[in-house]
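First listed ligand is number 1; within each ligand, the first listed atom is number 1. For this chain, numbers begin at 1 and follow the sequence in order.
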Amino acid sequence: MGTIERFAGRELKAEQLKDVDVLLVRSITKVNDELLSKANKLKFVGTATIGEDHIDKPLLKQRGIEFSSAPGCNATSVAEFVISALLVLHDRYNLDFINKTIAIVGVGNIGKRLLQRLNTLNVDVLLCDPVRQDNESDAAHFIDLNDALARADIISFHTPLTRDGAHPTFHLLNENNLPLLKDDVVLINSCRGEVIDNQALYNHIIWREESSKPAIKLVLDVWEGEPNPMPALIEKAELATAHIAGYSLEGKARGTEMLYQKVCALVAVPSTIKLSTLLPIADVASTKLAQDVTTTEELKKLVHLVFDVRRDDGLFRELLNSNGFDWLRKNYPTRREWSSLQVEIEKDQQILSIYRK
Ligand SMILES: NC(=O)c1ccc[n+]([C@@H]2O[C@H](COP(=O)([O-])OP(=O)(O)OC[C@H]3O[C@@H](n4cnc5c(N)ncnc54)[C@H](O)[C@@H]3O)[C@@H](O)[C@H]2O)c1
Ligand SMILES: O=C(O)[C@H](O)[C@H](O)COP(=O)(O)O
């Protein structure tokens with residue numbers, strides 16, 4: 001299809017895009033006026049990610065450059081990250097998320113996939129998505145953010161990072177609404193760091209400590225100021241990871257495949273490589289259970305057989321002082337999705353559906 005040149009994502013310079021036809025990036029490359037100032041031939045920009053906040057889309061449109069992201073590519077990976085984290089809290093505090101009320105803020109690709117899994121487990125769920133709520137044809141029942149913050153035992157953020165429009169998400173959780181959170185709340189952010197005002201969150205945590213209030217159980221995968229997150233906030237997190245919620249092998253491969261298809265169409269070359277032929281068999285590819293999974297404890301064993309987020313939390317804390325954020329992401333150990341594990345159950349087959357989706 002052409003010549004491929006590779007560049008470090010955070011260091012790409014305008015002059016390196018001279019005479020380039022296609023630019024493929026991930027979330028750490030800011031595609032803006034400055035970067036494209038010498039891109040004289042650019043026809044297509046693709047990002048193998050769900051998030052698009054690093055791309056100046058109006059600029060691409062104005063310059064007639066085609067654009068594609070990879071919607072939904074790693075949505076399953078993020079939903080499974082959240083459930084793995086909740087099961088760690090079950091281990092540490094006997095906190096059974098199945099009996100709690102969970103608010104999903106942002107009910108798009110990821111939020112829906114999380115909802116689907118929680119519905120299967122009969123968990124009470126509150127949905128907050130003012131963008132969808134504005135669309136009168138949307139049948140889902142939504143509540144507003146303040147209501148969700150006040151009512152939920154567990155809150156998980158899955159919005160894009162936006163700074164304008166009717167419902168911007170920059171600092172959606174901030175010093176004004178943090179006090180609405182329940183005393184023993186679990187707070188999860190795996191969308192974009194800037195969706196939560198990190199300094200305000202830290203101040204709120206300290207205020208809780210000083211007022212002898214229960215600590216927030218914090219699960220943070222994304223941070224303001226990446227790749228240099230606030231060390232003091234990391235210390236306060238139950239689980240801290242380096243923006244890897246979407247880093248399943250399947251999620252990364254799907255994103256790449258989506259861009260491959262787009263580039264093939266752009267240069268009119270048939271796309272012959274199929275994702276299914278590239279994914280290796282998982283290290284643990286099958287297991288047989290004597291009986292159906294009926295308790296959270298049993299669910300935990302099965303889910304953590306595929307992915308236990310403690311592995312990544314441990315690596316993150318160990319490597320952070322030596323500029324480990326980007327290193328860890330670049331050298332991320334293989335992680336598979338639940339669908340890589342075939343589960344056989346002797347009796348009732350019904351529960352299987354949650355492991356195969
Ligand atoms: N940590 C990771 O590794 C990782 C991986 C994938 C995606 N992400 C992030 O997660 C985000 C969500 O991904 P997605 O695929 O579900 O996106 P999506 O666009 O499918 O869904 C986002 C949803 O958020 C809603 N939303 C927008 N503004 C809102 C607001 N103010 N309040 C509540 N809801 C609002 C939208 O209406 C939409 O339904 C991405 O934009 C990306 O930034 C992070
Ligand atoms: O938006 C996304 O898809 C995710 O945040 C993605 O996993 C980010 O990974 P990166 O592009 O930084 O490698």
- If you measure from each heavy atom of E52 to ligand 2, is any distance below 4.0 Å? no

- Near A245, which atoms of ligand 1 are under 4.0 Å from a heavy atom of that residue? 1 (N), 2 (C), 3 (O)

- Task: Could you find the nearest protein heavy atom to atom 33 (C) of ligand 1 and give me its residue, atom name and distance?
- Result: P130 CD, 3.2 Å

- Note on the structure: For G51, the atoms of ligand 2 under 4.0 Å from one of its heavy atoms are 1 (O), 2 (C), 3 (O)

- Looking only at side chains, do D134 and H167 share a donor and an acceptor under 3.5 Å apart? yes

- Item | Contacting atoms of ligand 1, where contact means under 4.0 angstrom from a heavy atom of V222 | 1 (N)

- N109 N/O to ligand 1 N/O under 3.5 Å: yes

- Short N or O distance, T162 and ligand 1, threshold 3.5 Å exclusive: no

- Side chains of S77 and R335: is there a donor and an acceptor less than 3.5 Å apart? yes

- Query: Between F316 and F325, what is the ring plane arrangement, given parallel below 30°, perpendicular above 60°, and tilted in between?
  - Reply: perpendicular

- Task: May I ask whether T159 has any heavy atom positioned less than 4.0 angstrom from an atom of ligand 1?
- Result: yes

- Query: Rounded to the nearest 0.5 Å, how far apart are CD of E297 and NE2 of H90?
  - Reply: 5.5 Å

- Query: Near D221, which atoms of ligand 1 are under 4.0 Å from a heavy atom of that residue?
  - Reply: 1 (N), 2 (C), 3 (O)

- Message: Taking 4.0 angstrom as the limit and counting only heavy atoms of V107, give me the atoms of ligand 1 inside it, by number and element.
- Response: 23 (C), 39 (O)

- Note on the structure: Min over P160, G108, A166, S77 of heavy-atom distance to atom 24 (O) of ligand 1 lands on P160

- Can any side-chain N or O of N177 pair as donor or acceptor with the backbone N or O of L172 at less than 3.5 Å? yes

- Message: Could you measure the distance from the CD1 atom of I234 to the OG1 atom of T241? Nearest 0.5 Å is fine.
- Response: 10.0 Å

- Report yes or no: does A75 have a heavy atom closer than 4.0 Å to ligand 1? no

- Any cation-pi pair here, K236 with Y202, using under 6.0 Å and within 45°? no

- Item | Atom pair CG (L220) and CG (L187), whose distance is rounded to the nearest 0.5 Å | 6.5 Å

- Message: Can you confirm whether more than 12 heavy atoms, excluding those of K330, are under 6.0 Å from its NZ atom?
- Response: no

Quiz: residues 17-28 side-chain donor-acceptor pairs under 3.5 angstrom, not counting sequence neighbours:
from, atom 1, to, atom 2, distance (Å)
D19, OD1, N40, ND2, 2.9
D21, OD1, K43, NZ, 2.7

- Item | Proximity winner for atom 34 (N) of ligand 1, if only heavy atoms of A70, G106, S69 are counted | G106

- Return yes if some donor-acceptor pair links the side-chain N/O of D129 with the main-chain N/O of V107 below 3.5 Å, else return no. yes

- Message: Evaluate G246 for polar contact with ligand 1, using N/O atom pairs at a separation under 3.5 Å.
- Response: yes

- Task: Mind checking whether H158 contacts ligand 1 via backbone (N, CA, C, O), side chain (CB onward), both or neither, at a 4.0 Å heavy-atom cut-off?
- Result: backbone

- Item | Selected option - heavy-atom contact closest to atom 10 (O) of ligand 1, from G72, G51, C191 | C191

- atom 4 (C) of ligand 1: closest protein heavy atom, distance to 0.1 Å, is S190 O, 3.7 Å

- When distances are taken from atom 31 (N) of ligand 1, the protein heavy atom at minimum range is H167 O, 3.0 Å

- Contact check: C73 vs ligand 2, nitrogen or oxygen atoms, below 3.5 angstrom: no

- Query: Looking only at protein heavy atoms, which one is nearest to atom 4 (C) of ligand 2, and how far off is it?
  - Reply: H243 NE2, 3.8 Å

- Query: Atoms of ligand 1 less than 4.0 Å from H243 heavy atoms?
  - Reply: 1 (N), 2 (C), 3 (O)

- Message: Once you restrict to heavy atoms under 4.0 Å, what part of D129 touches ligand 1? Side chain, backbone, both or neither.
- Response: both

- Message: Return the closest protein heavy atom for atom 17 (O) of ligand 1 as residue, atom name and distance.
- Response: I50 CG2, 4.0 Å

- Give a yes or no answer on whether the side chain of E11 reaches the backbone of A8 with a donor-acceptor pair at less than 3.5 Å. no

- Item | Any N or O of N74 closer than 3.5 Å to N or O of ligand 1 | no

- Message: Using a 4.0 Å cut-off to any heavy atom of T169, which atoms of ligand 1 qualify?
- Response: 28 (N), 29 (C), 30 (C), 31 (N)

- Item | Expected output: side-chain H304 to main-chain S84 donor-acceptor under 3.5 Å | yes

- Message: Under 3.5 Å between any N/O of I110 and any N/O of ligand 1: does that happen in this structure?
- Response: yes

- Message: With a 6.0 Å cut-off (strictly less than), is the heavy-atom count around CG of D33, excluding the residue itself, greater than 12?
- Response: no

- Message: Between ligand 2 and R329, can you find any atom pair, the residue atom being a heavy atom, that is separated by under 4.0 Å?
- Response: yes

- Item | Charged N-O contact under 4.0 Å between K100 and D96 | no

- Should one rank D53, T47, I50, N74 by closest heavy-atom distance to atom 6 (C) of ligand 2, which comes out on top? N74

- Task: Measure from NZ or CZ of R117 to the centre of the six-membered ring of W338 and say whether it is under 6.0 Å with the direction within 45° of the ring axis.
- Result: yes

- Identify the closest protein heavy atom to atom 13 (O) of ligand 2: which residue and atom is it, and at what distance? Y247 OH, 2.4 Å

- By number and element, which atoms of ligand 1 are closer than 4.0 Å to a non-hydrogen atom of V78? 4 (C), 5 (C), 6 (C)

- Query: Short question: side chain of T120, backbone of Q116 - any donor-acceptor pair under 3.5 Å?
  - Reply: yes

- Item | Residue C128 vicinity, atoms of ligand 1 by number, heavy atom under 4.0 Å | 33 (C), 34 (N)

- Message: Tell me whether the NZ or CZ atom of K252 lies within the 45° cone about the ring axis of Y247 and under 6.0 Å from its centre.
- Response: yes

